[in-house]
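Before any comments, here is the structure.
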Amino acid sequence: MSFFDKIPTSTFVIAALTLGLAPFLPEPHVWEKIKMLLAGELARPIDIFDLVFHGLPWALLAVKLARGARGQGA
């Protein structure tokens, strides 16, 4: 995790706001996939891949912020 801690938080914020929300119109891809998941419509492999691909920057940002809040990260 030391490599993870050396990456600036701003890098994770930028990744989450660009890759995590792309494409921006008509609605962010990750939001569309979360709605599909909650509706039970997330079944195709490409949709699952999209959820993971666009959700990963948000998950990494959450981990970075949690580690920083606990005093374990930079």
Side-chain angles (χ1 to χ4, degrees):
M1 289 300 266
S2 65
F3 175 74
F4 186 81
D5 292 334
K6 291 179 184 177
I7 301 172
T9 303
S10 60
T11 302
F12 292 103
V13 170
I14 291 168
L17 292 177
T18 55
L19 179 60
L21 292 177
F24 301 101
L25 297 173
E27 68 182 356
H29 226 47
V30 72
W31 180 248
E32 176 187 0
K33 299 308 174 187
I34 289 171
K35 289 190 327 187
M36 289 175 68
L37 178 65
L38 295 175
E41 301 170 352
L42 193 71
R44 297 184 332 173
I46 189 68
D47 292 331
I48 296 168
F49 171 78
D50 274 348
L51 177 62
V52 171
F53 185 72
H54 292 283
L56 185 61
W58 293 103
L60 292 174
L61 177 60
V63 169
K64 179 71 171 180
L65 292 174
R67 287 181 59 80
R70 291 184 12 202
Q72 295 178 348

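This is a predicted model, so every value here is computed, not measured. The first residue in the sequence is number 1, and the count goes up from there.
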Roughly how far, to the nearest 0.5 Å, is [atom2] of [Y] from [atom1] of [X]?
{"X": "Leu37", "Y": "Glu32", "atom1": "CG", "atom2": "CD", "value": "12.5 Å"}
{"X": "Asp50", "Y": "Leu42", "atom1": "CG", "atom2": "CG", "value": "9.0 Å"}
{"X": "Thr9", "Y": "Leu60", "atom1": "OG1", "atom2": "CG", "value": "12.0 Å"}

Look at the aromatic rings of Phe4 and Phe12 and report parallel, tilted or perpendicular, splitting at 30° and 60°. tilted

In the single-linkage hydrophobic clustering (I, L, V, M, F, W, Y; side-chain heavy atoms under 4.5 Å), do [X] and [Y] co-cluster?
{"X": "Phe53", "Y": "Ile14", "result": "no"}
{"X": "Trp58", "Y": "Val63", "result": "yes"}
{"X": "Leu17", "Y": "Leu61", "result": "yes"}
{"X": "Phe49", "Y": "Leu38", "result": "no"}
{"X": "Phe24", "Y": "Val30", "result": "yes"}

By the salt bridge (charged side-chain N to carboxylate O under 4.0 Å, His left out) test, which pairs, at least two apart or in different chains, include something from residues 18-29?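 Passing the test, one end in residues 18-29: Glu27-Lys35.
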
Shortest non-hydrogen contact from Ala22 toward His29: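 Here Ala22 and His29 meet closest at O-CB, 3.2 Å.
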
Contact summary for Ile7 and Lys64, nearest pair of heavy atoms: O-NZ, 2.7 Å

Please check if the side chain of Lys33 supplies one atom and the backbone of Asp47 the other of a donor-acceptor pair under 3.5 Å. no

Tell me whether His54 contacts the main-chain N or O of Leu19 through its side chain, where contact means a donor paired with an acceptor under 3.5 Å. yes

